[in-house]
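What follows is one structure encoded as C-alpha cells, with my remarks underneath.
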Amino acid sequence: MNKNISVKAILVLSCIIMATALLRGQPPKREFRGTWIHTVGNSQYRTMTPDQMRAHYVALLDSFERAGMNAVIYQVRPQADAFYMNSIEPWSRFITGIQGIAPDPIWDPLQFMIDECHKRGMELHAWLNPYRVTSNANEQLHPDHLFFKRPELFVKYGNQLYFDPGEPDSRAHTLAVIADVVSRYDLDGVHFDDYFYPYRVEFLEFPDEASFLKYHAGQGFGRYEKNDWRRDNVNILVKQLADTIKAIKPWVKFGISPFCVWRNARVDSTGSLTNTLQTNYDDLFADVRLWVQEKWIDYNAPQLYYAIGHRTASYEPLIEWWSKNNFGVQLYLGQSLSSLIDARMPDGTVEQQLYRKMRMMRSDPNVHGNIWWSGYGLSRNPNGIIDSLANDYQKYPALIPAYTHLKSTPPAPAKDLRVVRSGGQTRITWSAPAAATEMDRAVWFCIYRFATNELINLENAEKIVKVVRKNEYLLPTQRENKEYVYVVTALDRMWNESIPSKQVRIRH
C-alpha cells in the first residue's frame with residue numbers, strides 16, 4: 001500500500017470524524033426525551049390477560065430505557081373513559097373490548113405504568129383528551145356514561161360524539177376528571193394533544209349553535225363572532241386546567257402537544273411559512289401561541305411530523321416559527337418516525353432525515369427535547385432507530401430541563417454516600433436530604449462516575465451513569481478492576497439539581 005495514500009486516507013477520515021463531532025456537539029446534559037403510548041384505537045389489549053398486558057408494557061418500557069428515554073406520555077383517557085380506577089368515568093373499551101367492563105382480575109394500568117416508569121428513572125405524564133367521546137357511530141356507551149344523564153352536553157359531528165366545548169358543564173366535567181386523577185396518582189405531568197374542537201369535516205359545520213346562542217353574549221361576543229367565542233371556550237378550559245392542577249399539586253407539569261401549524265402566514269403575518277388546509281387557531285380554535293405567552297402551560301410540544309422539504313408544511317420553517325414564538329416556555333418537538341426514516345419528498349424520492357432533524361433541534365437553544373411518535377412503532381426498532389438513539393443521539397442519560405418558572409432553587413445535597421458490598425454485589429447508598437415542603441423534596445438522584453484523576457465536572461453528560469428515584473444504585477457486575485470516583489446529586493420534582501455529594505471511590 002502507498003504510504004502517502006494511507007496517510008491521506010487517515011487524515012480525511014479524521015477530518016470527517018472531527019467535523020461530525022463538531023456538528024453534533026457534546027451530548028446534552030439536559031434534554032426531554034419522551035415517547036407517546038396511545039390507547040385509543042388499540043385492538044390488542046382486549047385479547048390480553050392482565051399478566052400479558054403488564055408484560056407487554058414492561059417490554060415497551062425496557063426498549064425505551066435502552067433508547068435513552070426519560071419520559072413516557074401514556075394515554076389514560078382516550079374517549080371520556082379510563083385506563084385507571086375511578087368513580088367518574090367508565091373503564092375504557094380499549095382494555096376489555098366493552099366500555100365499563102373492568103379487567104379480570106382487576107388491576108390499575110396507570111398505577112402500574114407510574115411504578116414501572118419511576119423504577120427506570122422516567123417521568124410519567126398522563127395523557128387525556130378533553131372532548132372526544134366516540135370514534136365512530138357503532139360504539140356502545142356504558143349505561144352509566146354521562147351521556148345518558150346529561151345528553152345536552154354532547155353533540156354529534158360527522159360520525160363521532162363529542163362534548164360541546166361551549167357548555168360550561170362540559171368544562172366542569174373535564175376539570176373534575178383532571179382533579180381526581182391528579183389528586184390520587186403520583187403523576188409527573190398532565191398532557192393534552194391536538195384534539196380540542198375536532199378537525200373540520202368538509203362541508204359540515206360543528207353543531208354548537210344552541211350553546212352559542214345561550215352563552216355568546218354573556219362571554220362578550222357578538223352574533224357573528226362564533227369563532228372567537230369558540231377560541232374563548234378553549235382558552236377558558238386551558239386556563240382552568242392549569243389553575244386546577246397547580247392548586248392540587250404545584251409540581252405537576254401541564255403540557256400540550258398541538259398540531260404543528262398555529263396559523264398560515266398567508267392569513268396572518270405572524271403565522272408560519274406554511275400552507276395547510278387546517279390550523280390550530282382557525283379550525284381547532286386552539287390559540288396555542290396565547291397559552292404559551294400567558295404561561296398557562298409548562299411545556300409545548302408541537303407535532304412536527306412533516307418532512308424537511310414538504311410542500312405545504314416543511315419542518316425547517318416550522319421549527320423556526322415555534323422557536324421564535326417560544327416565549328420562555330419549554331419547547332419539545334413531536335417527531336414522527338415515518339418522516340425521520342422514510343421521508344417522501346415532492347419529487348418522489350425517499351430520504352432518511354433523522355440526522356438532519358436532530359442537528360436542527362439541538363442547534364436551537366429554544367428547543368429543549370423531543371417526543372417520539374409512536375412508542376409502539378419505536379419499540380419495533382424500524383430502520384434501527386432505537387440502535388441510533390441508544391448508540392449515538394441518546395447514548396448518555398439526560399436530565400429533564402429544569403422548570404425554573406415553577407421553582408428555581410435546588411434541593412439540599414444527598415448525604416451519607418457509602419459503598420455496601422453484600423452477596424457478591426456492590427451498591428452505592430445515600431440519604432435523601434431533609435425538606436420542608438414537597439416542592440423542596442429530592443425525588444430523583446443522578447449518579448456520576450469519573451476516573452480517579454478527573455475533575456468533577458457535572459456538565460459532562462458522558463459521566464452520567466443513571467438517574468434513579470430510590471436511594472441506592474446497584475453497580476454493574478462486570479469486572480474492570482479499575483478505581484472510579486462516584487458522586488450523587490439530588491433533584492427536585494422540577495429537576496433543579498443540588499451540588500454533588502461527597503465522593504466515594506470504588507474499585508470494580
Side-chain angles (χ1 to χ4, degrees), residues 32 34 36 71-78 80 82-89 110-111 113-114 117-118 122-132 163 165 168-196 232-258 286-288 290-301 327-332 368 371 400-408 437-441 443-444 491-496:
F32 192 89
W36 282 287
V72 168
I73 293 88
Y74 177 52
Q75 191 174 34
V76 299
R77 190 200 190 213
F83 267 69
Y84 58 94
M85 295 181 184
N86 77 105
S87 60
I88 300 176
E89 292 185 318
L110 175 55
Q111 186 59 58
M113 289 295 280
I114 291 171
C117 284
H118 288 171
M122 301 175 186
E123 285 197 335
L124 188 287
H125 294 220
W127 168 16
L128 306 98
N129 293 87
Y131 300 137
R132 183 176 59 207
F163 282 95
D169 282 355
S170 292
R171 294 193 293 269
H173 179 78
T174 297
L175 291 169
V177 169
I178 299 302
D180 172 66
V181 74
V182 170
S183 297
R184 295 190 299 111
Y185 291 89
D186 187 13
L187 302 175
D188 300 295
V190 169
H191 184 92
F192 280 62
D193 59 11
D194 52 323
Y195 290 102
F196 288 94
D232 189 56
N233 292 330
V234 182
N235 290 341
I236 290 170
L237 175 67
V238 171
K239 177 64 165 62
Q240 288 179 335
L241 284 168
D243 291 344
T244 297
I245 293 165
K246 293 300 188 286
I248 299 169
K249 291 178 179 176
W251 56 86
V252 173
K253 282 79 72 176
F254 178 34
I256 289 178
S257 179
D287 192 356
V288 186
L290 175 68
W291 308 341
V292 174
Q293 283 180 301
E294 295 294 330
K295 306 295 190 295
W296 292 342
I297 57 178
D298 300 309
Y299 67 86
N300 180 29
F327 303 111
V329 166
Q330 301 274 23
L331 177 60
Y332 312 143
H368 308 99
I371 306 180
I400 288 176
Y403 294 89
T404 54
H405 67 287
L406 298 177
K407 177 178 174 285
S408 59
T437 69
E438 184 63 25
M439 291 287 278
D440 296 316
R441 187 170 73 89
V443 174
W444 306 95
L491 299 111
D492 60 24
R493 289 182 179 269
M494 281 62 65
W495 292 88
N496 297 296

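Remember, it's a predicted structure, so these values are computed and weren't measured experimentally.
Between Tyr403 and Tyr299, the ring planes are tilted. Angles from 30° to 60° get that label. Note: Trp444 and Trp495 have parallel aromatic rings, judged against thresholds of 30 and 60 degrees for the angle between ring planes.
For the residue pair Asp193 and Gln75, no side-chain donor N or O sits within less than 3.5 Å of a side-chain acceptor on the partner. No side-chain N or O of Asp287 forms a donor-acceptor pair with one of Asn235 less than 3.5 Å apart. Judged by distance alone, the side chains of Asp440 and Thr437 do bring a donor and an acceptor atom under 3.5 Å apart.
Taking OG of Ser170 as the reference point, atom CG of Leu237 lies at 10.0 Å (rounded to 0.5 Å). Here the straight-line distance linking atom NE2 of His405 with atom CD of Gln330 works out to 7.5 Å at 0.5 Å rounding. Rounding to the nearest 0.5 Å gives a distance of 12.5 Å between CZ of Phe254 and NE2 of His125.
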Practice task
Kindly indicate, with the supporting measurements, whether the criterion side chain to side chain contact (heavy atoms under 4.5 Å, CB included) is fulfilled by Tyr74 and Cys117.
Solution key: CA-CA 11 Å; Tyr74 177 52; Cys117 284; over 6 Å; no
Handout entry: Stepwise side chain to side chain contact (heavy atoms under 4.5 Å, CB included) check, Tyr131 with Tyr195
Key = CA-CA 8 Å; Tyr131 300 137; Tyr195 290 102; over 6 Å; no
Exercise for the section: Show your reasoning for whether side chain to side chain contact (heavy atoms under 4.5 Å, CB included) applies to His191 and Leu128. Expected result: CA-CA 6 Å; His191 184 92; Leu128 306 98; over 6 Å; no
Practice task
Please lay out, stage by stage, how Phe32 and Glu123 fare under the test side chain to side chain contact (heavy atoms under 4.5 Å, CB included).
Solution key: CA-CA 10 Å; Phe32 192 89; Glu123 285 197 335; 4.2 Å; yes
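For CZ of Phe327, the number of neighbouring non-hydrogen atoms (other residues, nucleotides, ligands) closer than 6.0 Å is greater than 12.
Met494 places a side-chain heavy atom less than 4.5 Å from the side chain of Met439. Within the 4.5 Å cutoff, the side chain of Ile178 has no heavy atoms near those of the Arg77 side chain. Contact check for Ile114 versus Leu110: side-chain heavy atoms found under the 4.5 Å cut-off. Residues Ile256 and Trp296 have side chains not in contact (no heavy-atom distance under 4.5 Å, counting atoms from C-beta outward).
Minimum heavy-atom separation, Asp194 to Pro258: CB-C, 3.9 Å.
Looking at Arg171, its side chain never comes within 3.5 Å of a backbone N or O of Ile236 through a donor-acceptor pair. Distance alone, capped at 3.5 Å, places no donor-acceptor pair between the His368 side chain and the Pro401 backbone. When atom types are taken as modelled, the side chain of Lys249 and the backbone of Leu187 share no donor-acceptor pair closer than 3.5 angstrom. Thr244 contributes no side-chain N or O that, together with a main-chain N or O of Ala179, makes up a donor-acceptor pair within less than 3.5 Å. The backbone N or O of Glu89 lies less than 3.5 Å from a partner atom in the side chain of Asn86, making a donor-acceptor pair.
When ring centroids are compared, Trp291 and Phe196 come within the 6.0 Å threshold.
A salt bridge does not link Lys239 to Glu294: none of the charged side-chain nitrogens sits closer than 4.0 Å to a carboxylate oxygen. The pair Lys407-Asp492 meets the salt-bridge criterion, since a charged nitrogen lies less than 4.0 angstrom from a carboxylate oxygen. Salt bridge Asp186/Arg493: present, at least one basic N to carboxylate O contact under 4.0 Å.
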